[in-house]
**Q** 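Sharing a structure here in structure tokens format.
For reference, positions follow the sequence shown, starting with 1. Predicted model, so just to flag it, every value in this text is computed and none were measured. Whatever order the structure lists ligands and atoms in, that order sets their numbers, starting from 1.
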Amino acid sequence: MLTRRELLATSAAALAAPTLAQRAPKLPLAVASGNGLRCVQKAIERMQAGADPLDAAIDGVAILEDDPTDMTVGLGGVPNEEGVVQLDASVMHGPSGRAGAVASLEGIRNPSRVAKLVMETTDHVLLVGPGALRFARMHGFTPQELLTEKARKVWLYWKQNLSARDKWLEPEPSQLDPDVRDFIREYGADPFRDPRSYGTVHLSAAGRNGELAGCTSTSGLFFKMPGRVGDSPIIGAGLYTDNGVGSAGATGRGEACILFCAAHTAVELMRQGKHPKDACLEVLRRIASGTRDGRLLDRKGRPSFGVTIYAIDRRGEYGSASLWAVSGWGKPRQFAVADSGSARLEDCAYLFEGNPEL
Ligand code: ASP
């Protein structure tokens, strides 16, 4: 029981201390990878209507998971080397401190919704492969073919171009299927020469009272080895949320994000007082200085791959940074932001100009 005096003191302190919403008038806030403009818009609408930030984040990400024309996430994702689409996703909910994830999930277009069920209905954090699929079916998800016609043609073209010494003949450039042409227009020819090309959606959200959540979803590395799991479903690598500090996520070379615990490191750096953008840059500096494998370095000893980190803190500050200013397919690196004012793309900070010099 508080005495009357204590009660008055507490109420006076409460009146004097600005609420989180007053200190961070930009809330609610959503930040996502560059492919996530529609996702952040959706997440903000949901949070403005009172939704929990995790539900808002998942509904935002589901736009790309459901979109067969996005070839890096969910339905329509580029398949593995055997032509099978295998999806990875994770979710983390700040207020409850819980997380869920699935990896190598086949046939279910919304892995992030399955990840949330892992979080809510099991004692586990990560389910993989056939076990994850069985779990999804038990929750009423209906498996479907996730390989679209376009992704199948792109995969076949990759196979035909793998080696000049196998029995697959490369099609004449003039005979290229329009879908393959279209893919090359969007992603460049690199995915066929060097399957380091990737794509993923990450979204971190802060609700009206600063409560945090995050979600990351991907079809992973193009033409990956069957069963290869990237950073996206690994809590601490592709996603980490601490309700008292901030939320962060990563896209790009998953192996680097796993090795350097990218998202968790970003959150820890924010805990030490760094602005989200500076936290993202510091994670990238660690990746750049800690990558020693020659085949992953360019002629100047810099990483020859891409990684982008996204972060928000509980005050509504946000930022994103990329190893390289320009993506593997020649576009400036940008990230998506939405707050009560607008939804927009902003330029990522970066460590290195241009593209790696291979
Ligand atoms: N990080 C994802 C992975 O390694 C791919 C990407 O973000 O582009 O699976």
**Q** Polar contacts were defined as any N/O atom of the residue lying under 3.5 Å from an N/O atom of the ligand; does this apply to G220 and ligand 1?
**A**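 It does not: no N or O of G220 is found under 3.5 Å from an N or O of ligand 1.
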**Q** As a quick check of understanding, evaluate salt bridge (charged side-chain N to carboxylate O under 4.0 Å, His left out) for K300 and D298, giving each step before the final call.
**A** CA-CA 5 Å; K300 295 187 177 165; D298 74 358; over 6 Å; no
**Q** Between T308, D231, T200, which one has a non-hydrogen atom sitting closest to atom 1 (N) of ligand 1?
**A**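 The residue whose heavy atom sits nearest atom 1 (N) of ligand 1 is D231.
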**Q** Pick from D231, T251, T72, T200: which one makes a side-chain hydrogen bond (donor to acceptor under 3.5 Å, both in side chains) with T218?
**A**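 Per the side-chain hydrogen bond (donor to acceptor under 3.5 Å, both in side chains) rule, the option paired with T218 is T200, out of D231, T251, T72, T200.
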**Q** Which ligand 1 atoms, with their elements, are less than 4.0 angstrom from a heavy-atom of T251?
**A**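 Listed by number with element: 7 (O).
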**Q** Could you list the atoms of ligand 1 found under 4.0 angstrom from a heavy atom of L221?
**A**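 In order of numbering, the contacting atoms are 9 (O).
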**Q** Other residues, nucleotides and ligands only: do more than 12 of their heavy atoms fall within 6.0 Å of CZ on R181?
**A**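 Check passes, neighbour count above 12.
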**Q** Can you tell me which portion of T72 lies within the under-4.0 Å heavy-atom range of ligand 1? Options are side chain, backbone, both, or neither.
**A**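 T72 to ligand 1: no contact under 4.0 Å from either part.
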**Q** Polar-atom distance check: G254 versus ligand 1, any N or O pair below 3.5 Å?
**A**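 By distance alone, the answer is yes.
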**Q** Over 60° means perpendicular and under 30° means parallel, so classify the ring planes of Y310 and H202, tilted if in between.
**A**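 Geometry flag for Y310 against H202: parallel rings.
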**Q** Quick one: do R228 and E255 make a salt bridge, cutoff under 4.0 Å?
**A**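 Looking at R228 and E255, the cut-off is met.
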**Q** Would G238 count as a contact residue for ligand 1, given that I'm defining contact as a non-hydrogen atom of the residue lying under 4.0 Å from a ligand atom?
**A**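 Judged by the 4.0 Å heavy-atom criterion, G238 does not count as contacting ligand 1.
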**Q** Please work out, at 4.0 Å between heavy atoms, whether the side chain, the backbone, both, or neither of H202 comes within that distance of ligand 1.
**A**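 The answer is neither.
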**Q** On the ring face of F260, is R286 found with NZ or CZ under 6.0 Å from the centre and within 45° of the axis?
**A**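 Negative - R286 is either too far from the ring of F260 or too far off its axis.
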**Q** Look at atom 3 (C) of ligand 1 and find which of R228, Q86, R253 reaches it with the closest heavy atom.
**A**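 Heavy atom nearest to atom 3 (C) of ligand 1 belongs to R228.
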**Q** For the residue pair W158 and F223, does the interplanar ring angle fall in the parallel (under 30°), tilted (30 to 60°) or perpendicular (over 60°) class?
**A**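 Taking F223 first and then W158, their aromatic rings lie parallel (interplane angle under 30°).
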